[in-house]
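The structure follows.
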2 protein chains.
Amino acid sequence: MTDSNPNASPSAPSMPSDALPPVEQHAQQYATVRNAHETELIEDYVELIGDLLTHRGEARAADIANRMGVSQATVSKMIRRLNELELVTSKPYRSLFLTAAGQEMAETSRARHDVVLNFLRTLGVRDATARIDAEGMEHHVSDETLAIMQRFTEQQERR
Amino acid sequence: MTDSNPNASPSAPSMPSDALPPVEQHAQQYATVRNAHETELIEDYVELIGDLLTHRGEARAADIANRMGVSQATVSKMIRRLNELELVTSKPYRSLFLTAAGQEMAETSRARHDVVLNFLRTLGVRDATARIDAEGMEHHVSDETLAIMQRFTEQQERR
DNA sequence: CAACATTGTTAGCCAAGGCTAAATTATTTG
DNA sequence: CAAATAATTTAGCCTTGGCTAACAATGTTG
Ligand SMILES: [Mn+2]
Ligand SMILES: [Mn+2]
Ligand SMILES: [Mn+2]
Ligand SMILES: [Mn+2]
């Protein structure tokens, strides 16, 4: 064992480079990221389908492909997966709809996405940049951080 | 074409849900995320190897496996890839080292990681949470946002 | 220094998420 | 209403990043 660091949580406010965290904590960091990556594409699809239903009244595979910037074949395959996960219902050649579980996921994801996006805007990030960053960041923001972002945004607005 | 939205950039400060962005911009959001996901694991490995070299003097496959929370076989395969990308040099059964390109990537990634981590701490996120969130967020933060985070952190410290 | 423990590699498997090309099914229109 | 067009699905391919099990090399120690 080359490595054994029982304890190290220096919260010095701005040191250039902290000591390595304890092995278990470090592994947990990466595990959480791997976990987020398993669900984030699913969340983005469900969120997008919800948005299309809200703003366009229907969610067609071709629209999803255009908005995702991905081939129709890729979308078709993903729709099969969403179906198996019982997040959407679909009849061939018809608009998609969200199941109850799908709607819940869509709302949660949308709310989280909006908090992150508005937080970035409030910080002063340009809109186009904020949208790009929020699309990736949203999946890696804990509830704790999300609440802080929300509070921050509200406080800034109240001025 | 069911979908055609020429222009929509409402920067209203906290509307519940914005209109859909134009298709091309929307597709660009997802494309940027897909792109980040292609490089982020590589960055995390290189960053970790750099950190192990700095803090431990050597970077062994077993340590990486423990810290990443992943099997040794997975690490072994990834090392082959890092070799092919000429980011590390390795002789079998010896510590890894970073090439010049690898060192540069390690430093860039580490700096970015630290900015995000310290920003979250400054916001008031608990250390363990901040570490987890930073590990995922770092790969989805634009240079623009990074600069703003850095400035914010420095301003808060100067009080 | 031989046995045991640790470390590293290889082989072979799997699922996810891309792609292109071809086939199928609606929809629109002359 | 038949033909052309558009939308969707399927088939088959690829890369990435996991895994386990078996094997190989190195290190440690009685
Ligand atoms: Mn997203
Ligand atoms: Mn990371
Ligand atoms: Mn990192
Ligand atoms: Mn990510």
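Everything numeric here is computed off the predicted structure, so don't read it as measured data. Residue numbers start from 1 in every chain, and the chains themselves are labelled A, B, ... in the order their sequence lines are given, proteins ahead of strands.
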* **By ring pair (Phe, Tyr, Trp, His ring centres under 6.0 Å) - contacts of A:His26 (at least two apart)** =>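 Per chain and number, A:His26 pairs via ring pair (Phe, Tyr, Trp, His ring centres under 6.0 Å) with A:Tyr30.
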* Nearest whole angstrom, please: distance from the P of C:dT9 to the CZ of B:Arg81. => 17 Å
* To do: For C:dG8, take OP1 and OP2 only and decide whether either is under 4.0 Å from a side-chain N or O of B:Arg60.
  =>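 Looking at the OP1 and OP2 atoms of C:dG8, one of them is under 4.0 Å from a side-chain N or O of B:Arg60.
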Below 3.5 Å is the cut-off: list the nitrogen or oxygen pairs between protein and nucleotides 20-22 of chain C, distance only.
none

* Hydrophobic cluster of B:Tyr93, others only, ordered by chain and residue number, side-chain cut-off 4.5 Å -> none
* B:Phe119: hydrophobic cluster co-members (side-chain, 4.5 Å) -> A:Val115, A:Val116, A:Phe119, A:Leu120, A:Leu123, A:Val125, A:Met137, A:Val141, A:Leu146, A:Ile148, A:Met149, A:Phe152, B:Val115, B:Val116, B:Leu120, B:Leu123, B:Val125, B:Met137, B:Val141, B:Leu146, B:Ile148, B:Met149, B:Phe152
* **Side-chain ion pair, B:Asp127 and B:Arg131, N-O less than 4.0 Å** =>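 Yes, charged N to carboxylate O under 4.0 Å.
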* **Sequence-distant partners of B:Glu43, salt bridge (Lys or Arg N to Asp or Glu O under 4.0 Å), two or more places apart** =>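 None.
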* Contacts of A:Arg126 that satisfy salt bridge (Lys or Arg N to Asp or Glu O under 4.0 Å) - sequence neighbours left out -> B:Glu144
* Asked: Is there a residue in residues 83-95 of chain B whose heavy atoms reach under 4.0 Å of DNA chain D, and which residues are they?
  ->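 Correct list: B:Tyr93.
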* Looking for any heavy atom pair under 4.0 Å, which part of the strands does B:Val70 touch: base, sugar-phosphate only, or nothing? -> sugar-phosphate
* To do: Round to the nearest Å and state the distance from B:Ile79 atom CD1 to D:dT16 atom C1'.
  =>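 Rounding to the nearest Å, CD1 of B:Ile79 and C1' of D:dT16 are 17 Å apart.
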* To do: For A:Asn66 and D:dA7, give me the distance from atom CG to atom P, rounded to whole Å.
  =>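 Rounding to the nearest Å, CG of A:Asn66 and P of D:dA7 are 9 Å apart.
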* Taking the side chain of A:Lys77 as its heavy atoms from C-beta onward, which of D:dG18, C:dG18, C:dT7 lies nearest to it? ->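 Taking heavy atoms from C-beta onward, the closest nucleotide is C:dG18.
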* Please list, by residue number, the residues of residues 30-50 of chain B whose heavy atoms come closer than 4.0 Å to an atom of DNA chain C; answer none if no residue qualifies. => B:Arg34
* Give every residue pair that meets the ring-ring contact (aromatic ring centres under 6.0 Å, His included) criterion with at least one member in residues 123-151 of chain B, sequence neighbours excluded. =>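 Of all non-adjacent pairs touching residues 123-151 of chain B, those that pass ring-ring contact (aromatic ring centres under 6.0 Å, His included) are A:His140-B:His140, B:His37-B:His140.
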* Asked: Atom CZ of B:Arg80 to atom C1' of C:dT9: distance rounded to whole Å?
  -> 8 Å
* Note, B:Arg94 side chain near B:Thr89 side chain (heavy atom, < 4.5 Å) ->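 When only atoms from C-beta onward are counted, B:Thr89 and B:Arg94 do not touch, as no gap falls below 4.5 Å.
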* For A:Met78 and for B:Ala61, locate the closest nucleotide of DNA chain C by heavy-atom distance; then report the residue assigned to the nucleotide nearer the 5' terminus. =>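 Its nucleotide being nearer the 5' end, the pick is B:Ala61.
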* Residues that B:Glu47 engages under salt bridge (Lys or Arg N to Asp or Glu O under 4.0 Å), provided they are two or more places apart -> B:Arg110
* Asked: Can you name the side chain to side chain contact (heavy atoms under 4.5 Å, CB included) partners of A:Thr74, sequence neighbours left out?
  -> A:Tyr45, A:Val70, A:Ser71
* With sequence neighbours left out, what residues match A:Glu104 under side chain to side chain contact (heavy atoms under 4.5 Å, CB included)? -> A:Thr108
